[in-house]
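Count residues from 1 along the sequence. Please read these numbers as outputs of a predicted model, since none were measured by experiment.
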Amino acid sequence: MATICVVNHSITGTTSRLAESVLEGLGSVEGCAGKLLAIEGADIVDGRYGNEAVLHALDGCDAMIFGCPTFMGGPSAQFKAFADASSDRWETQRWEGKLCAGFTVGSSPSGDQLATLQYFTVLGAQHGMLWVGIDIPGGRDPDGRNRLGAQLGLVSQSNGTLVPEVDLDTARYLGARVARKARVLAARERDA
């Protein structure tokens, strides 16, 4: 059984809705279990993230999917505090070899969300993780998924608290894609 954690921070609920859809996608793949882990403001004291239970859960998973809103051209401060707290894991490469992916939401179609996905990929690379992007060419999917055309991960755009249904469909697709890859990787490691 492959375990995939969706670790996310949400302010208005849009990122949470995307995270729940990613989790639905994970659940659609046999042999995979998904777990939702929220980054809460109360977990940050004097600027430092301190929820060891979330970090410990990530230590034990096969893959993780990062999510947060894009603010001022990058990840939310709360997600960044979580990422900074992962440096203890970085020192020992505790997350090395795990799969990772990401999603973000902003209020503009080109609100610099790509910079947040790039941040996630660098975070994953520092940990020795393997990135999984979206393999749907933008504008070429009959169901309209990946409507904003980001191959690196899911980019959503919302006005207020509404998330377009097609972006939720793309989130489910991303979750299922990561789950399939994690299941294969977990089987290979088990058989090695």
Quiz prompt | M64 and I4: CA distance, side-chain angles, deciding distance, side-chain contact (heavy atoms from CB on, under 4.5 Å) verdict | solution = CA-CA 5 Å; M64 55 186 85; I4 300 105; 5.9 Å; no

Can you tell if the side chain of [X] reaches within under 4.5 Å of the side chain of [Y], non-hydrogen atoms only?
X	Y	answer
L148	Q157	yes
P164	S156	yes
Y173	D135	yes
L37	V6	no
F79	I39	yes
I134	R177	no
L117	Q113	no
C32	L26	no

Closest heavy-atom pair and its distance - [X], [Y]:
X	Y	value
T116	C68	CG2-SG, 3.9 Å
Y119	A83	OH-CB, 3.3 Å
G47	A81	O-CB, 4.0 Å
L174	G133	CD1-O, 4.4 Å
V155	A150	CG2-CB, 3.6 Å

So how far is it from [X] [atom1] to [Y] [atom2], rounded to the nearest 0.5 Å?
X	Y	atom1	atom2	answer
M129	W131	CE	CH2	8.5 Å
F71	I11	CZ	CD1	5.0 Å
T104	Q118	OG1	CD	11.5 Å
L55	Y49	CG	OH	5.5 Å
C5	L36	SG	CG	9.5 Å
N8	L18	CG	CG	9.0 Å

For the pair [X] and [Y], find out whether any cationic side-chain nitrogen is under 4.0 Å from an anionic carboxylate oxygen.
X	Y	result
D62	K98	no
R145	D169	no
R147	E165	no

Quiz item: Do we see a donor-acceptor contact under 3.5 Å between the side chains of H127 and S86?
Solution: yes

Quiz item: Are side-chain N/O atoms of T161 and T12 paired as donor and acceptor at under 3.5 Å?
Solution: no

Mind checking whether [X] and [Y] sit in one hydrophobic cluster, side chains of I, L, V, M, F, W, Y counted as touching below 4.5 Å?
X	Y	value
V166	V22	no
V132	L154	yes
L130	I65	yes
L23	F103	yes

Main-chain N/O of [Y] paired with [X] side-chain donor or acceptor, under 3.5 Å:
X	Y	value
D141	G144	yes
W95	G128	no
N146	I136	yes
Q93	Q126	yes

Quiz prompt | Step-by-step salt bridge (Lys or Arg N to Asp or Glu O under 4.0 Å) determination, E24 to R17 | solution = CA-CA 11 Å; E24 287 176 31; R17 278 192 277 298; over 6 Å; no

Exercise. Step by step, work out the side-chain contact (heavy atoms from CB on, under 4.5 Å) result for T121 and L152.
Key: CA-CA 8 Å; T121 61; L152 199 54; 3.7 Å; yes

Quiz item: Should the pair F66 and F120 be assigned to parallel (<30°), tilted (30 to 60°) or perpendicular (>60°) ring geometry?
Solution: tilted

